[in-house]
Amino acid sequence: MASDGARKQFWKRSNSKLPGSLLKSTAKMPTTPVKAKRVSTFQEFESNTSDAWDAGEDDDELLAMAAESLNSEVVMETANRVLRNHSQRQGRPTLQEGGLQQKPRPEAEPPSPPSGDLRLVKSVSESHTSCPAEELRKLSWSGIPKPVRPMTWKLLSGYLPANVDRRPATLQRKQKEYFAFIEHYYDSRNDEVHQDTYRQIHIDIPRMSPEALILQPKVTEIFERILFIWAIRHPASGYVQGINDLVTPFFVVFICEYIEAEEVDTVDVSGVPAEVLRNIEADTYWCMSKLLDGIQDNYTFAQPGIQMKVKMLEELVSRIDEQVHRHLDQHEVRYLQFAFRWMNNLLMREVPLRCTIRLWDTYQSEPEGFSHFHLYVCAAFLVRWRKEILEEKDFQELLLFLQNLPTAHWDDEDISLLLAEAYRLKFAFADAPNHYKK
C-alpha cells in the first residue's frame, strides 16, 4: 500500500514547478524521499545543464496563461457528447463509477464534428491573428484539424510564442541553436564515454514503429541525432529506452505539412527537400524536449516517476472498478507487468500511430497532460477491456492479453471515447479523495 504521504500527493495535484513545466511555483511535498543534500545538488546541476531556454524569452500570452485550468464546462460538454453519440450508434454500455451499466438508447443522432474546428483553423492559419492560449487549448481539446496541427502543436508545447510577429525569429534562433549542438556534440558519439549511449540508440531505432518510416535511412539518421543530442544535454537521465518512441509523433506531424500522406504509417520523406528536413529535425528536437521536461522523473535512475504512476493507477482502478482490480490480484497479475510500458511509452505501443497523434492533441491541451491526465487515460483504457479481462481465468493468458490489446483498427472515435471517460474520472476523483475512500 502506498504511504499516506503518497496518497496525499496523488489526490492533491501538485502545482510545483518541474523542469519545463508551465505551472506557477508553489510549495510541494516530494514525491519520493530525497535527502536535502541530494536536492541541493540536483538543483545546482539543473541550473548548469538548462536546455537553453532563457528565463524571460517566452513571457508571452501563451506561457502566461498556461497555468490556467481548462474550462471544465467545455470539456465536460465534449465528453458527454462523445459518450452519448457513441452509445447511441454502437449500443455499448457506458462506464459508470463501480462498473459498466447499460443505459437506454435514445433516438440516434448523426455524429457532430468537434465544435471548435472552424474557429481553430481560422485562429491558427490567419497570419495576423494571435489566438489566446486558453482559447487555443479549449479549441484543441477535441482534436486538431490536420492542416493546422503542426503549428498548433508548436504553440501548445510552448516552443513558439503566441505573438505572431515573434515566431519567425524564434524558429530561426532555435533551429540554429540545435544545429550548433550537432556541430559541437555529435562527433563525440564514438568516444568511449558516449559510445554505449549511441550504440543503444542505434539498436533501438529499428525496433520502433511504423517500420515504413523508421527503415528510411534519412529518418534513422535524424532520429539518431535527436536522441543522442538530447541524451548528452540531459545527463541526469541520459538515454533510456522508451524516449525513442516519443520522437515519432512530432516528426510525423511536422513532415505531413510538406507531403500528402493518406496514412501516417506510410510517410515517405524521399521527396522532401534537405533544408526542410533540417528544420523539421530541429523543431522535433525542441518539442520533444519540452514534453520530456515535464516527465523527466520517468527516465532518471530507477525511473521513480513511472514506479509512482503505476502505483497510482493501481489505487485508482481499485476504486473505479474493484471487480477488475480483484480479478487481476486473484490471478497474481501485477500492474507493473503491463502498465510500466503504458507509462514509459505513453501508450504508443498500445494504439496505432494515428490514434497516438489524436491522443496527443488532447494531452497538449490539458494542463499536465502527459504527466497527470495520462494516468486517468490509462485507468479508462484498462477498464475499457473489463469484459475480456474478467473472462480470462489464467495468469498467462490474462497477461498476454493485456500486453497485446486489440486496438489495430481503432480510430479517432475510439480515442475520443477514451478521453471522455478519462476526463470524467479526473473530474470525479482528482479533487475528492475522501468521498471515494473505502
Side-chain angles (χ1 to χ4, degrees), residues 1-2 7 10 79 82-83 86-87 89-103 209 242 306-352 355-356 358-359 362 372-430 436-438:
M1 287 294 293
R7 284 199 299 269
F10 170 53
V82 170
L83 291 168
H86 182 84
S87 60
R89 293 195 303 278
Q90 302 295 333
R92 292 184 184 177
T94 56
L95 181 64
Q96 300 293 329
E97 296 157 14
L100 291 172
Q101 298 178 359
Q102 182 72 40
K103 285 194 172 184
S209 60
I306 291 179
Q307 301 280 348
M308 177 163 286
K309 288 183 178 73
V310 171
K311 192 65 180 176
M312 289 176 175
L313 176 65
E314 182 176 356
E315 185 175 349
L316 181 58
V317 173
S318 72
R319 282 160 168 72
I320 64 176
D321 199 325
E322 188 176 2
Q323 187 178 4
V324 167
H325 177 72
R326 283 203 314 266
H327 187 78
L328 294 174
D329 184 63
Q330 178 184 349
H331 291 86
E332 300 183 345
V333 175
R334 302 294 173 249
Y335 283 73
L336 205 60
Q337 293 171 320
F338 61 89
F340 183 91
R341 189 171 71 181
W342 297 7
M343 303 298 178
N344 193 51
N345 304 85
L346 298 177
L347 290 177
M348 282 195 60
R349 296 295 179 99
E350 320 310 319
V351 298
C355 294
T356 296
R358 168 63 192 91
L359 191 65
T362 299
H372 183 76
F373 186 61
H374 179 67
L375 172 68
Y376 296 95
V377 172
C378 288
F381 189 59
L382 178 61
V383 177
R384 160 68 176 78
W385 308 101
R386 79 181 311 271
K387 179 177 179 293
E388 293 84 351
I389 290 171
L390 296 176
E391 287 175 351
E392 295 289 352
K393 306 298 183 183
D394 175 74
F395 166 82
Q396 184 174 349
E397 293 300 321
L398 188 55
L399 190 58
L400 189 63
F401 173 76
L402 289 169
Q403 292 177 342
N404 298 275
L405 294 165
T407 61
H409 300 292
W410 272 31
D411 55 20
D412 282 3
E413 183 181 346
D414 293 289
I415 294 297
S416 295
L417 179 65
L418 180 68
L419 290 166
E421 295 285 10
Y423 191 85
R424 288 161 68 97
L425 291 176
K426 176 190 170 186
F427 191 80
F429 284 87
Y436 294 98
K437 284 182 179 178
K438 296 179 181 179

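Positions are given from 1 along the sequence.
Annotation: salt bridge (Lys or Arg N to Asp or Glu O under 4.0 Å) contacts involving residues 395-406, sequence neighbours excluded, are absent.
In this structure, CD on Glu322 lies 11.0 Å from CG on Asp329, to the nearest 0.5 angstrom. One distance of note links CZ of Arg349 with CG of Asn344; it measures 9.0 Å at 0.5 Å rounding. For the atom pair CG of Leu328 and CD of Gln330, the computed distance is 10.0 Å after rounding to the nearest 0.5 Å. Here the CE-CE distance, from Met308 to Met312, works out to 5.5 Å after rounding to the nearest 0.5 Å. Note: Trp410 CH2 to Thr356 OG1 = 11.0 Å, rounded to the nearest 0.5 Å. Here the straight-line distance linking atom CG of Leu400 with atom CG of Leu405 works out to 10.0 Å at 0.5 Å rounding.
Not counting sequence neighbours, the partners of Gln323 by the side-chain hydrogen bond (donor to acceptor under 3.5 Å, both in side chains) test are Arg386. Every side-chain hydrogen bond (donor to acceptor under 3.5 Å, both in side chains) that Thr362 has, sequence neighbours left out, goes to Arg358. Every residue meeting the salt bridge (charged side-chain N to carboxylate O under 4.0 Å, His left out) condition with Glu391, not counting sequence neighbours, appears here in chain and number order: Lys387.
What you find for Ile320 and Ala379 is that their closest heavy atoms are CD1-CB, 4.0 Å. Taking both residues in full, the closest heavy atoms of Leu390 and Lys393 are given as O-NZ, 3.0 Å, listed atom of the first, atom of the second, then distance. Ala408 approaches Pro352 most closely through the heavy-atom pair O-CG, 3.7 Å. Closest of all the heavy-atom pairs between Asp394 and His331 is N-CD2, 4.1 Å. Among all heavy-atom pairs drawn from Glu388 and Phe401, the shortest one is CB-CZ, 3.4 Å. For the residue pair Ala380 and Ala422, the shortest heavy atom distance occurs at CB-N, 3.9 Å.
Counting heavy atoms from C-beta outward, Leu347 and His374 have side chains that approach closer than 4.5 Å. Side-chain atoms of Val377 and Trp342, non-hydrogen and from C-beta on, never get closer than 4.5 Å to each other. Side-chain contact between Glu315 and Arg319 is present, with heavy atoms from C-beta onward closer than 4.5 Å. At least one side-chain heavy atom of Leu313 sits under 4.5 Å from a side-chain heavy atom of Val317.
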In a table with atom names and distances, give each donor-acceptor pair under 3.5 Å that connects a side chain of residues 333-341 to protein atoms at least two apart or in another chain.
from	atom 1	to	atom 2	distance (Å)
Tyr335	OH	His325	ND1	2.9
Gln337	OE1	Arg334	N	2.8
Arg341	NE	Glu350	OE2	2.7
Arg341	NH2	Glu350	OE1	3.1
Arg341	NH2	Glu350	OE2	3.4
Arg341	NH2	Gln403	O	2.7

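Classified by interplanar angle (parallel below 30°, tilted 30° to 60°, perpendicular above 60°), the ring pair Trp385/Phe381 is perpendicular.
A side-chain donor-acceptor contact under 3.5 Å links His327 to the backbone of Ile389.
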